[in-house]
Amino acid sequence: MGDRENVSGSARGRLYERIYDVARGIPKGRVATYGQIAAIVGKCTPRQVGYAMAAVPFGSGVPWQRVINARGTVSERAGGDGREVQRALLEAEGVRFDDLGRVDLSVFGWRGPGLKR
DNA sequence: AGATTGACTGCAT
DNA sequence: CATGCAGCCAATC
């Protein structure tokens, strides 16, 4: 059978799978930026991370909500809604947002794989 | 093969 | 803090 690496219908894994793997490494109650993920994965830019996150299948086990932009804000993605859902999920994990809807990356920002706190 | 878009980043104004 | 511009690379048309 042709091994076509068919991941969830569309898109080949490879790069995506690598990004998902890093995303799964984000501890609960912490958030990482697209640039951070890209740096850990290597050979990939924040755009690709964002693109990969947009392609995350629902319930795939990837904490896509823990991935936000470098400004500590939640990006407004296609569809318009969902941004508030992401915030609710993060708050449920212990991440605190300020009145402007921003997260203090110096406190909740993930420092990297294996490095906790 | 070329043009367009995109859950980004960083710096300049 | 808002807006604009350049760099970046993969997916889509």
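Per chain, numbering begins at 1; letters A, B, ... match sequence-line order.
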Figure out the [atom1]/[atom2] separation between [X] and [N], and round it to whole Å.
X       : N      : atom1 : atom2 : result
A/Tyr34 : C/dG7  : OH    : P     : 24 Å
A/Arg77 : B/dA7  : CZ    : C1'   : 7 Å
A/Glu76 : B/dG6  : CD    : P     : 12 Å
A/Tyr51 : C/dA10 : OH    : C1'   : 7 Å
A/Ile19 : C/dC9  : CD1   : C1'   : 11 Å
A/Arg87 : B/dA7  : CZ    : P     : 21 Å
A/Gln86 : B/dA7  : CD    : P     : 12 Å
A/Leu90 : B/dA7  : CG    : P     : 18 Å

Where the side chain of [X] is concerned, which of [options] is the nearest nucleotide?
X        : options              : answer
A/Thr45  : C/dC9, B/dA7, B/dT9  : C/dC9
A/Tyr16  : B/dT9, C/dC9, C/dA11 : C/dA11
A/Arg71  : B/dA7, B/dG10, C/dC1 : B/dG10
A/Leu15  : B/dT9, C/dA10, B/dA7 : C/dA10
A/Ser75  : B/dA7, C/dA10, B/dT9 : B/dA7
A/Arg102 : B/dA7, B/dT9, C/dC1  : C/dC1

Nearest 0.5 Å please: distance from the [atom1] atom of [X] over to the [atom2] atom of [Y].
X       : Y        : atom1 : atom2 : result
A/Thr33 : A/Leu105 : OG1   : CG    : 7.0 Å
A/Phe97 : A/Thr73  : CZ    : OG1   : 9.5 Å
A/Arg30 : A/Arg111 : CZ    : CZ    : 8.5 Å

| message | Students often get this wrong, so: under 4.0 angstrom with heavy atoms, is A/Ala70 touching a base, only sugar-phosphate, or nothing? | response |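 Sugar-phosphate, no base atom in range.
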| How is A/Leu100 classified with respect to the nucleic acid when contacts are heavy atoms under 4.0 Å: base, sugar-phosphate, or nothing? |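 Contact class for A/Leu100: sugar-phosphate only.
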| Is atom CZ of A/Arg24 surrounded by more than 12 heavy atoms (other residues, nucleotides or ligands) closer than 6.0 Å? |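 Result for CZ/A/Arg24: enclosed.
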